[in-house]
Novice: 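This structure is in structure tokens; I'll ask about it shortly.
Just the heavy atoms: all of them, side chains too, but no hydrogens, waters or symmetry mates, feed the values below.
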Amino acid sequence: GAGLSRASGIGDYASKAKNSIVNNVKKLKSAFDAKPTYAHHVLAKLEEKGLLHEYVQQNHDGLPQKAGFPQEKINEIHGAWYDPSNPVVQFSESLRKDLFK
């Protein structure tokens with residue numbers, strides 16, 4: 001989740017709290033410049049050794065792939081910056097009326 005990428009300098013929603021302990025992490029000018037964290041490399045190594053078969057994430061930053069995790073084994077549920085078949089779509093902050101009563 002966001003905790004893995006936060007150490008790379010990518011901001012998240014959970015750390016916006018005034019007294020958050022992660023506010024001291026330097027933010028990047030562009031999230032596309034982020035480098036994978038140790039945790040991303042561990043996930044890639046687990047997959048390489050056959051101990052992790054699939055990975056579901058909410059981030060769309062491509063850091064697991066940069067660490068070596070195969071794209072075809074990742075389900076990026078909010079879209080992906082580096083996978084054109086799964087575009088990131090901005091949320092309009094409104095729900096379709098046919099989804100609820």
Novice: Once rounded to the nearest 0.5 Å, what's the spacing between atom NE2 of H40 and atom OG of S8?
Specialist: 5.5 Å

Novice: With clusters defined by side-chain heavy atoms of hydrophobic residues (ILVMFWY) lying less than 4.5 Å apart, directly or transitively, does L51 cluster with Y38?
Specialist: yes

Novice: Nearest 0.5 Å please: distance from the CZ atom of F69 over to the CD1 atom of I74.
Specialist: 5.5 Å

Novice: Please find the pair of heavy atoms, one from G68 and one from A44, that lie closest to each other, and give the distance.
Specialist: C-CB, 3.9 Å

Novice: When clusters are formed by joining ILVMFWY residues with side-chain heavy atoms under 4.5 Å apart, either directly or through shared neighbours, do Y55 and V42 land in the same one?
Specialist: yes

Novice: What's the spacing between L43 CG and Q57 CD if we round to 0.5 Å?
Specialist: 9.0 Å

Novice: Using only atom types and a distance under 3.5 Å, with no angle test, would you say the side chain of K35 pairs donor to acceptor with the backbone of L63?
Specialist: no

Novice: Measure the spacing between CG of L4 and CG of D61 and express it to the nearest 0.5 Å.
Specialist: 9.0 Å

Novice: Please, which pairs that meet salt bridge (charged side-chain N to carboxylate O under 4.0 Å, His left out) have at least one residue in residues 71-85, sequence neighbours excluded?
Specialist: E47-K73

Novice: Using 0.5 Å steps for rounding, measure from the OG1 atom of T37 to the CZ atom of R6.
Specialist: 12.5 Å

Novice: Can you measure from NE2 (H78) to CD (Q58) and round to the nearest 0.5 angstrom?
Specialist: 4.0 Å

